[in-house]
Amino acid sequence: MVCVSIDTGGSLVTDISVPPNGGLSERGAVELTDVTKRFGTMVAVDRLNLSVRPGEFLSLLGPSGCGKTTTLRMLAGFEQPDEGFIRISGEYVQGIPPYKRDVNTVFQAYALFPHMTVAENVAYGLRQKGGVSKSEISSRVIEALDMVKMRKLAGRRPRQMSGGQQQRVAVARALVNRPSVLLLDEPLGALDRKLREEMQIELKLLQSQLGITFIFVTHDQEEAMSMSDRIAIMLEGHVEQLGDPETVYERPATAFVAGFIGRNNFWRGQATSDGMVADDGTVFVVTRPDEEVQAGGDALAAVRPECFTIDTTDPGTNTNVIGGSVAGVSHFGDTLQYVVRTAKRDLVVLLPRQQAPKVLPGDHVWCRWASDDVYSFSARQAHLVLADPTTETAGLPA
């Protein structure tokens, strides 16, 4: 074991033990091992373990206060871990200031210098770094601006550009130093929805082209799902699930992940040998339980809105079916959303327009689902996925 001392800016942390070199050492690889960060008595990051592959687009996704931004700030060097260690491209970075790390950060507030042109803003970091000739600075600035399609606006100042254009300049300024890792802290949050969706596509294409490791912090699940190779879903300072977008959507590891990614309708109930009996009497048969719960134990069942079918006649079964009345119908282009009011909860149902039945508010219907489409969990995270776990309301909006 190797012991290092870390100056955290006023206080000295000594005897932080780290293992000898090994593991991920390729340029752009990132490794966090048992990383903990406290602010007073609050634990912001709690023994976090995470490995990021070289050239990967990884998103840190989670609600406010889950530790994702603190994790990014520790990678950038703006915060130091109280425990554990961080390696970037095989090198330990504890105590190394931000400007000496082979990373760059793009923030939500682009922080462009208003008195400088686009080209001057992008060149600033190279000039401050020193040891780079004027001709190389010029060629690298042009290269960076070409990457983000901003070369034609090199002579403009920030006030003469839109939010999306400023965002591109901020990315170019970060890339011009050719970092091994680019950190992005909710950089699209200030953009309108249409521009944000366009920038999602452009950022992913740029990352694929460059092969640089991107670590992207967001609370927006659509952003994470559309761009990421893998997503680390965080809760209370740790990773609840790490996987590719399809896996975290189709096979959530916990009830929190099932509720946070996409939408789900949740029921409370008691586990049975092959599923669950809900508090409203609904009988669930489950093909693949997500958590093993002993029969009689408190459990949760969930079904995504798009996994329902709606019948206007009684299907003649008492498993994986519930009856109710249509409370509302909303049109979303090629999809219709139904709110079906049952005895104890409102269900959200999404159907393609071609498969949507002709029903009106007040009509009685039956909602059915397949056993493969039921998520089942223990009730330990009920307070995270039910708006009020003391009530019997279990419909969960996005």
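Remark: R178 engages E143 in a salt bridge, criterion side-chain N to carboxylate O under 4.0 Å. Taking a cutoff of 4.0 Å between a charged side-chain nitrogen and a carboxylate oxygen, R345 and D280 qualify as a salt bridge. D244 and R230 are not joined by a salt bridge, as no carboxylate oxygen comes within less than 4.0 angstrom of a charged side-chain nitrogen. Using a 4.0 Å cut-off between charged side-chain N and carboxylate O, D46 and R38 make no salt bridge. With respect to the salt-bridge test (charged N to carboxylate O, under 4.0 angstrom), the residues R263 and E306 do not qualify. A salt bridge links R168 to E202: at least one charged side-chain nitrogen sits closer than 4.0 Å to a carboxylate oxygen. For D279 and K344, the salt-bridge test fails: no basic side-chain N is under 4.0 Å from an acidic carboxylate O. For the pair R353 and D334, the salt-bridge criterion is not met [side-chain N within less than 4.0 Å of a carboxylate O].
Across all their heavy atoms, Y338 and V329 have their closest contact at CD2-CG2, 3.7 Å. Nearest heavy-atom pair, F216 versus F57, reported as atom, atom and distance to 0.1 Å: CB-CE2, 3.6 Å. Across all non-hydrogen atoms, the minimal contact from P315 to R368 is CB-CD, 3.5 Å.
A donor atom on one side chain and an acceptor atom on the other are not found under 3.5 Å apart for D311 and T313.
No donor-acceptor pair under 3.5 Å is formed between the side chain of T247 and the backbone N or O of G243. Within the 3.5 Å criterion, the main-chain N or O of D102 finds a donor-acceptor partner in the side chain of S180. A donor-acceptor pair under 3.5 Å links the side-chain atoms of R101 to the main chain of L75, judged by distance alone. Checked by atom type and distance alone, the side chain of N104 never pairs as donor or acceptor with a backbone atom of L182 at under 3.5 Å.
Using a 4.5 Å heavy-atom threshold, the side chains of R251 and D290 count as touching.
Under the side-chain contact (heavy atoms from CB on, under 4.5 Å) test applied with V118, the options L112, V141, V169 reduce to a single match, V169.
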Problem - side chain to side chain donor-acceptor pair (under 3.5 Å) evaluation trace for D274 with T272 - result: CA-CA 5 Å; D274 60 355; T272 63; 3.2 Å; yes
Practice task
Apply the test side chain to side chain donor-acceptor pair (under 3.5 Å) to residues Q80 and R73: give CA-CA distance (whole Å), side-chain angles for both, the deciding distance (0.1 Å), then the verdict.
Solution key: CA-CA 8 Å; Q80 293 290 343; R73 290 179 61 83; over 6 Å; no
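Relative ring orientation between F377 and Y375 is described as tilted, the plane-to-plane angle lying within the 30° to 60° band.
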